[in-house]
Amino acid sequence: MLRLGVLVSGNGSNLQAIIDNIENGYIPNTQIAVVISNNPDAYALIRAKDAGINTEIIHRKMFKKRTEFEHHLVETLQDYGVDLVLLAGFMVILGKEIIRAFPNRIMNIHPALVPAFSGKGFYGRKVHESVLEYGVKLTGATVHFVTEDVDGGPVILQEAIPVFDDDTIETLQKRVLEIVEWQIYSKAVKLYAEHRIEIDGRKVRIRK
Ligand code: GRF
């Protein structure tokens, strides 16, 4: 059984898609061991509780130093026997300790086609605003492994959708989320659970 630890800060719609896809059997042999939020008011915590999943709040302000916050995060994930960590709208950039504790075992979803519109400072609405300002015709989302290079780890899955002339930040954000993110994050976890993800340096290959 693959044990997931999902880190959240906000609404948790990607978390919800994963909960639903475990329940309906699309993602096999997997359970969410814990949902951890750095924000006590995150709606994602309510989604987790409604699904009967353990939750923990680990707030940066509970600790003097950033390294202590991160150490506690790692210990909690280990206490729950987590195999794979999913960042699902977690608004904290991870440091060395956690990345080294879970090498190629942390996934993130980014709401653009990496390496475009990604890296430090590209989060939330800012990503879609930049896409619209630049005038690209395609955008989408990327699931990747997390390394110390922000949004720069090996790419697992990407999917593109068109940008329309009359798109606003809100319409684009909604389409990327609902049409792409909810599907590809679950697909990446399914492939992982089926042991079909092979990592070769920067490259990820999907076994048939
Ligand atoms: C998503 O757009 C995700 O790509 C980004 O943060 C957002 C989280 O949305 N990393 P939700 O909390 O899953 O609804």
Side-chain angles (χ1 to χ4, degrees), residues 5-18 35-48 57-61 63 66 69-70 73 85-99 102 106-189 202 204:
V6 187
L7 307 191
V8 296
S9 302
N11 181 24
S13 70
N14 278 293
L15 166 69
Q16 188 67 57
I18 288 160
V35 168
I36 303 175
S37 177
N38 68 325
N39 167 15
D41 301 322
Y43 186 64
L45 289 169
I46 295 174
R47 297 182 190 269
I57 293 163
I58 306 182
H59 205 290
R60 171 66 184 87
K61 287 188 185 137
F63 306 89
R66 206 200 134 87
F69 161 74
E70 192 161 318
L73 206 56
V85 180
L86 301 182
L87 308 185
F90 189 55
M91 302 302 282
V92 176
I93 293 181
L94 299 186
K96 287 186 175 64
E97 183 178 343
I98 183 166
I99 292 168
F102 293 91
I106 307 175
M107 287 184 187
N108 180 45
I109 185 148
H110 183 74
L113 296 172
V114 166
F117 310 107
S118 65
K120 254 192 179 155
F122 283 102
Y123 58 88
R125 288 168 54 88
K126 182 83 193 121
V127 175
H128 306 288
E129 188 184 10
S130 309
V131 164
L132 291 174
E133 269 171 17
Y134 197 96
V136 289
K137 302 297 183 193
L138 289 173
T139 187
T142 304
V143 183
H144 63 90
F145 284 113
V146 173
T147 61
E148 287 174 40
D149 179 13
V150 179
D151 293 331
V155 171
I156 305 166
L157 292 175
Q158 287 186 306
E159 209 169 287
I161 55 164
V163 178
F164 300 138
D165 290 345
D166 59 354
D167 261 326
T168 61
I169 298 173
E170 289 71 28
T171 60
L172 193 58
Q173 185 170 34
K174 186 168 189 287
R175 270 205 333 286
V176 168
L177 192 62
E178 296 181 0
I179 298 179
V180 186
E181 295 191 47
W182 293 349
Q183 277 71 31
I184 67 169
Y185 215 177
S186 288
K187 189 170 177 191
V189 178
R202 274 212 54 80
V204 169

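Keep in mind it's a predicted model, so treat the numbers as computed, not measured.
Rounded to the nearest 0.5 Å, atoms NE2 (H110) and CG (L87) are 13.0 Å apart. To the nearest 0.5 Å, the span separating CG on L172 from CD1 on I161 amounts to 6.0 Å. Between I156 atom CD1 and Y185 atom OH the span is 8.0 Å, to the nearest 0.5 Å. To the nearest 0.5 Å, atom OG of residue S37 and atom CG of residue L45 are 4.5 Å apart. Rounded to the nearest 0.5 Å, atoms CD1 (I169) and CZ (R125) are 4.0 Å apart. Between atom CD of residue E181 and atom CD of residue E159 there is a gap of 11.5 Å, rounded to the nearest 0.5 Å.
In this structure, the side chain of R175 engages the main chain of P162 through a donor-acceptor pair within 3.5 Å. Using a distance-only test at 3.5 Å, with no hydrogens or angles considered, a donor-acceptor pair links the side chain of T171 to the main chain of T168.
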Subject >> Check against salt bridge (Lys or Arg N to Asp or Glu O under 4.0 Å), K96 and E70 >> reply: CA-CA 9 Å; K96 287 186 175 64; E70 192 161 318; over 6 Å; no
**OP:** Using the salt bridge (Lys or Arg N to Asp or Glu O under 4.0 Å) rule, take K174 and E178 through it: C-alpha gap first, then chi angles, then the decisive distance, then the call.
**Re:** CA-CA 6 Å; K174 186 168 189 287; E178 296 181 0; 3.3 Å; yes
**OP:** Could you walk me through whether I93 and V150 pass the side chain to side chain contact (heavy atoms under 4.5 Å, CB included) test, one step at a time?
**Re:** CA-CA 8 Å; I93 293 181; V150 179; 3.9 Å; yes
**OP:** Just do the side chain to side chain contact (heavy atoms under 4.5 Å, CB included) check on L94 and V85 with the steps written out, would you?
**Re:** CA-CA 12 Å; L94 299 186; V85 180; 5.7 Å; no
**OP:** Before giving the answer on side chain to side chain contact (heavy atoms under 4.5 Å, CB included), spell out for V35 and V8 the whole-Å C-alpha distance, their side-chain angles and the decisive distance to 0.1 Å.
**Re:** CA-CA 7 Å; V35 168; V8 296; 3.8 Å; yes
**OP:** Under the side-chain hydrogen bond (donor to acceptor under 3.5 Å, both in side chains) rule, what do N38 and S9 come out as? Steps first, then yes or no, please.
**Re:** CA-CA 6 Å; N38 68 325; S9 302; 2.7 Å; yes
**OP:** Just do the salt bridge (Lys or Arg N to Asp or Glu O under 4.0 Å) check on D151 and K120 with the steps written out, would you?
**Re:** CA-CA 8 Å; D151 293 331; K120 254 192 179 155; over 6 Å; no
**OP:** Could you go through the side chain to side chain contact (heavy atoms under 4.5 Å, CB included) check for R60 and V92 one step at a time?
**Re:** CA-CA 9 Å; R60 171 66 184 87; V92 176; over 6 Å; no
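Counting heavy atoms from C-beta outward, L7 and L86 have side chains that stay 4.5 Å or more apart. Using a 4.5 Å cut-off on side-chain heavy atoms (C-beta onward), Q158 and V155 make contact.
Taking both residues in full, the closest heavy atoms of A141 and V180 are given as CB-CG1, 3.7 Å, listed atom of the first, atom of the second, then distance. In terms of heavy-atom proximity, V6 sits nearest to A88 at CG1-CB, 3.9 Å. Across all their heavy atoms, V127 and F117 have their closest contact at CG1-O, 4.0 Å. The two residues I98 and I106 have their closest heavy-atom pair at O-CD1, 3.7 Å. Smallest separation of non-hydrogen atoms from G153 and R202: O-NH2, 3.6 Å. What you find for T139 and P111 is that their closest heavy atoms are OG1-O, 4.4 Å.
Y123 OH: 12 or fewer foreign heavy atoms inside a 6.0 Å radius.
Test V204, I184, V189, V114 against V143 for side-chain contact (heavy atoms from CB on, under 4.5 Å) and you get one pass: I184.
For the residue pair N108 / H144, a side-chain donor-acceptor distance below 3.5 Å is found, with atom types taken as modelled.
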